[in-house]
Amino acid sequence: MIYLMIHRSSSRKAMAVAKTLKFACNIGTMFPQSTSLIDRLQKATSCGFTALEVAFPYSWSLDEWHEALSAHPMQVTLINTPLGPNKEPGLAACQDKLSEFLAGVQQGIEYCNALKCTQLHIMAGNEPPYEGQRLIFMDHMRKAADILKEHGIIGLIETISPGVIPGYYLNDPRETLSLVSDIACDNIAFQFDFFHMNMLGETDDQVTALFDGTNLHHIKHVQVAQTPKRNEVNAEGGVNYRKIFEHLISKRYSGFVGLEYKPQDSSDMPCSAETLKFLSEF
């Protein structure tokens, strides 16, 4: 969660706690000038964050993670499975790659366990469509779910827009939600990224309609950034994040909101006062 360094009265604080969204900084996108892990965590905590997400933690050894988290304690909320042997963006929907897929899941579990992270984004890949792909994807996900369950980890799948990963298997949010339902494992859920939704042409009204009803129990993690350049949520762009955040609160969303944005400021200032003030309102 992020505790913003803004003074509030005790009554205001008590009211805010009841409705506050939990924000986690993405240390991969928000700190482009930082190379060392410990420097990224230092900057994150200096901005007031107590939780983080990171797509690929494998850039650093577990010893480096232990050192950084010991110096700057933070909750790790989400990591991805690693890229495939040939840098594929996941293997869950790839045929004849079961052993490589499960090896990636196992590596993800190793890092989740070491970092006390309970959510693993299982990347689907962008192998060209082939007959039976949906069934193979579901079979792979069920096998992963069985392994993850032994470790108390939730596997997440995400819709990703073609402009970010061309040909990504999960490129339709309604189909992704349908897959979660059809896989029918209680530890497989949807990672809802508002940036990708808007880049796919979904309006705010269409997206909030998706984030409702029977879909709510399938959604366990949210990510946000402004379109089209993946900047701060309070920047000008295609998504009205005030409306989105108020909707999340109205639906009593209790998971984390990952801030997967790239700072507009070219200097090493990932947390502008304006952005922190905006986030503190939710």
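For the single chain, residues carry numbers from 1 onward in sequence order.
A donor-acceptor pair shorter than 3.5 Å cannot be found between the side chains of Glu53 and His121.
Inter-residue side-chain proximity for Leu37 and Glu67 is flagged as unmet; no heavy-atom pair is nearer than 4.5 Å. Between Gln75 and Phe256 there is a side-chain heavy-atom pair separated by less than 4.5 Å. At least one side-chain heavy atom of Arg174 sits under 4.5 Å from a side-chain heavy atom of Glu202. Side-chain contact between Gln223 and Glu158 is present, with at least one heavy-atom pair separated by less than 4.5 Å. Residues Lys262 and Lys229 are not in side-chain contact: their nearest non-hydrogen atoms beyond the backbone lie 4.5 Å or more apart. Residues Lys149 and Asp186 form a side-chain contact, since some pair of their non-hydrogen atoms from C-beta on lies under 4.5 Å apart. Side-chain contact between Ile79 and Leu120: present, with at least one pair of heavy atoms (C-beta onward) separated by less than 4.5 Å. Residues Val76 and Lys116 form no side-chain contact, since every pair of their non-hydrogen atoms from C-beta on lies 4.5 Å or further apart.
Atom CD1 of Ile157 and atom CD1 of Ile188 lie 7.5 Å apart (nearest 0.5 Å). Atoms SG and CD1, from Cys25 and Ile27 in turn, are 7.0 Å apart once rounded to the nearest 0.5 Å.
Phe245 has its ring centre no less than 6.0 Å from the ring centre of Phe194.
A side-chain donor-acceptor contact under 3.5 Å links Thr227 to the backbone of Gly238. Using a distance-only test at 3.5 Å, with no hydrogens or angles considered, a donor-acceptor pair links the side chain of His247 to the main chain of Phe211. In this structure, the side chain of Tyr168 engages the main chain of Ala124 through a donor-acceptor pair within 3.5 Å. A distance-only check finds a donor-acceptor pair linking the side chain of Lys22 to the backbone of Ser254 [under 3.5 Å]. Under a 3.5 Å cut-off, the side chain of Arg40 and the backbone N or O of Ser34 do form a donor-acceptor pair. For Thr77 (side chain) and Leu52 (main-chain N/O), a donor-acceptor pair under 3.5 Å exists by modelled atom type. Of the possible donor and acceptor atoms, one in the side chain of Gln226 sits under 3.5 Å from a partner among the backbone N and O of Ala235.
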Discussion item. The test is side chain to side chain contact (heavy atoms under 4.5 Å, CB included); show your working for Leu62 and Tyr111 and say whether it passes.
Written reply: CA-CA 7 Å; Leu62 290 176; Tyr111 267 72; 3.5 Å; yes
Fill in: Derivation and outcome, side chain to side chain contact (heavy atoms under 4.5 Å, CB included), residues Cys112 and His151
CA-CA 9 Å; Cys112 279; His151 300 270; over 6 Å; no
Item to complete: Determine, step by step, whether Phe190 and Leu156 satisfy the side chain to side chain contact (heavy atoms under 4.5 Å, CB included) criterion, reporting the C-alpha distance in whole Å, the side-chain angles of both residues, the deciding distance to 0.1 Å, and the verdict.
Response: CA-CA 5 Å; Phe190 188 40; Leu156 300 175; over 6 Å; no
Item to complete: Please test Leu78 against Gln191 for side chain to side chain contact (heavy atoms under 4.5 Å, CB included), starting from the C-alpha separation and ending with a verdict.
Response: CA-CA 10 Å; Leu78 173 73; Gln191 181 175 320; 3.8 Å; yes
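Using a cut-off of 4.0 Å between Lys/Arg side-chain N and Asp/Glu carboxylate O, Arg142 and Asp146 are scored as not salt-bridged.
Taking all atoms of both residues into account, the shortest heavy-atom contact from Ile219 to Val222 is CG2-CG2, 4.3 Å.
The 12-atom threshold is exceeded at NZ of Lys243, counting heavy atoms of other residues, nucleotides or ligands nearer than 6.0 Å.
Tyr169 and Phe137 have tilted rings, their planes meeting at an angle from 30° to 60° on a 0 to 90° scale. Relative ring orientation between Phe278 and Phe282 is described as perpendicular, the plane-to-plane angle rising above 60° on a 0-90° scale split at 30° and 60°. Classification of the Tyr58-Phe56 ring pair by plane angle, with boundaries at 30° and 60°, yields tilted.
Scored by the ring pair (Phe, Tyr, Trp, His ring centres under 6.0 Å) test, His196 finds no partners at all (sequence neighbours excluded).
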